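Everything numeric here is computed off the predicted structure, so don't read it as measured data.
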Amino acid sequence: MNLPLIPAPATATTHDGTLLVGDDLGVVVRSAELTGIAERFVNDVRIDSGIALTLAPDRPSAAGPHIALVIDSSGVEAIAPASGLRADGKAITGDADERHGLEITEEGVRVWGPTPEAVHRGLTSLRQLIAAHEREGTAALPTARVVDGPRFAWRGLSLDVVRTFHPPAVVRRVIDMCSLHKLNVLHLHLTDDEGWRVEVPSRPALTGTGANGASGDRPGGHYTRAETAALVAYAAERFVTVVPEIDLPGHSSAVIRSCPELAPDDAPSIDLGNGSSLALNSLDPARPETWAFVTDVLDDVIPQFPQSAYVHIGGDEAFGMADDAHAAFVERAAELVRARGKRVVGWQEIARAAVSPDAMVQYWMEVDEVESMGEHLSTIVPPDMLPIVLKNLQKSKDDVANALTQGSPLLISPTTWLYFDRQHADTSSDAAQEEARGRLGLPMSPATSIRTGIEWDPVENTPGVRTDAQIAGVEAAMWCETVTDQDDLEVLLLPRLGGLAEKAWARRTSTDWSEYAARLGRQSAAWRRREWTWFRSTEIDWA
């Protein structure tokens, strides 16, 4: 029997017999540090399934079936430690060891691991099983033993809150989705041409002016320091680290609207062919005002994300910027981040500069895609802009090699498999979704199926990579040019998050589609109860 878990566990054995989980089942905490985790588990199970478990007092030999939560490392050493790096900087085999066990017998459930985070991951599997098996207020769980742990330490989602501003309530829903899929990083893309979304008290114009507007006629907005603190805390309680991205030196139009003194003297202007033009603004690393600005931003933003060991400095698509100027900016920005006790992560273009081995390079532009995109881009990119874009794409062929030569680990985010701003190739059983399918997702990229999301491997499909040890982690990107509201966002995220989780956590280098589809379909029971919107692909038998 395959347990309906996403991602697939490293080891799982099922047995004859069942355990009935209902309102009368108690959750017993064997260590005080697990109390908060137990409380959230009880609340999550109630939302996921309608079953109201109770927290029971710790008793050396609790009478009757119960769920016991224990700090214990027994048996988990059979699972190899995760590869890669954690966004919070913690040790993979120390305070942040996620390897755990889950045993279901007719007498009850035992969830154990060496850390509270490990127990949380085991309880996430139990949540999924309870929701998938719930019928009329009771879940009949198969007796089973699972010993599990992640393949990669960094399992993330990059969320664009610039092109469409997502208020805190929506971001909390996304954090809940990440937690249910055992993802542990939410990378917030906080700045871009369209807007600036994080408070910088020393530069109030960034939110006073730069936060106004988004893509098209959508309203803008920003997160106050109190809202940011609440989101960071909400995520941390669910063992998700929020990593901030300040995207520079390109994508800086919102900066220059807010601080016009930072405008470059000779920014090239592109004729868009519709009577308007686009200035290719990039911050000039030769000007002292640029570094006063960057220093102010880092000093004000970094303290708002205390759990993150990393600051994402962007570094991508600095169109029209000279190579030496781009490299100079990346290198000095990285120095400023390191001087503040943080590590650097940036899009793959930062590998064109001299980056240190402690900098993480986020790979996104695939060589095969670069070769095939030229003809298509000529139909959607203004003629004056096309050679600039193509030149940047051509340079991307050397980025992975440059990163690995410098000893920098890769964060794997290839566009084909992990850019969720693509249209759905599957049809939907929901008429409204089918009607919206052509609108959601960028038309410049081919549509992708749910199946596509699992039929690849981070090592085998990354040119130049030979082992897991060269990879820091795996992260999907959710860009929001075509997203207008919460439902649009969720239709593009679900069920694609399942494929991300499978590739980032599961130890398998290949996944059987029919077996995965069966597991995925059972997940929707919890989604429905949580009132999450998901793309109802006709290729999946939804619960």
Verdict with reasoning, Y234 to D176, per side-chain hydrogen bond (donor to acceptor under 3.5 Å, both in side chains): CA-CA 9 Å; Y234 186 88; D176 288 338; 2.8 Å; yes

R507, R508, R151 screened by salt bridge (Lys or Arg N to Asp or Glu O under 4.0 Å) with D457, the one that passes: R151

D95 atom CG, over 12 foreign heavy atoms within 6.0 Å: no

Residues I79, V147; criterion side chain to side chain contact (heavy atoms under 4.5 Å, CB included); working and verdict: CA-CA 8 Å; I79 306 298; V147 180; 3.7 Å; yes

Donor-acceptor pair, side chain of Q128 and main chain of S125, under 3.5 angstrom: no

Polar side-chain atom of H120 near backbone of P116 as donor-acceptor pair, under 3.5 Å: no

Spatial distance of atom CG (D192) from atom CG (L190) [nearest 0.5 Å]: 10.5 Å

Sub-4.5 Å side-chain heavy-atom contact between T164 and H166: yes

Donor + acceptor pair across side chains of R40, N43 (<3.5 Å): no

Carboxylate-amine/guanidinium contact E502 R519, below 4.0 Å: yes

Side chain R155, main chain K182, donor-acceptor under 3.5 Å: yes

Centroid-centroid under 6.0 Å between Y223 and F165 rings: yes

Under 3.5 Å side-chain donor-acceptor pair for T427 and T538: yes

Side chain to side chain, R86 and E98, heavy atoms closer than 4.5 Å: yes

Heavy-atom neighbours of D485 CG exceed 12 at 6.0 Å: yes

Test item: side-chain donor near acceptor, Q362 and S413, under 3.5 Å: yes

Ionic contact status for D488 with R439, cut-off 4.0 Å: yes

Check: G75 main-chain N/O paired with E77 side-chain donor or acceptor under 3.5 Å: yes

Whether W479 and Y419 hold their rings parallel, tilted or perpendicular, with breakpoints at 30° and 60°: tilted

side-chain hydrogen bond (donor to acceptor under 3.5 Å, both in side chains) between T448 and R496, worked out: CA-CA 10 Å; T448 56; R496 285 170 166 162; 3.2 Å; yes

Minimum side-chain heavy-atom gap M360-L85 below 4.5 Å: yes

Parallel, tilted or perpendicular, as decided by the 30° and 60° cut-offs, for the rings of W534 and W527: perpendicular

Residue from V76, I71, V119 passing side chain to side chain contact (heavy atoms under 4.5 Å, CB included) with W112: V76

Donor-acceptor side-chain pairing of H100 and E117 below 3.5 angstrom: no

Pair E455, W513: side-chain N/O donor-acceptor within cut-off below 3.5 Å: no

Student check: side-chain heavy atoms of R238 and I175 closer than 4.5 Å: yes

Donor-acceptor pair between E245 and W347 side chains, under 3.5 angstrom: yes

Inter-residue atom distance E539.CD - S428.OG, 0.5 Å rounding: 11.5 Å

Within 45° cone and under 6.0 Å: R528 NZ/CZ vs W532 ring: no

Short side-chain donor-acceptor distance under 3.5 Å, T416 and E366: yes

Trace of the ring pair (Phe, Tyr, Trp, His ring centres under 6.0 Å) decision for W542 with F535: CA-CA 11 Å; W542 299 107; F535 183 74; 8.8 Å; no

Heavy-atom pair of closest approach, residues L500 and V474: CD1-CG1, 3.9 Å

Check: W505 ring centre within less than 6.0 Å of H181 ring centre: no

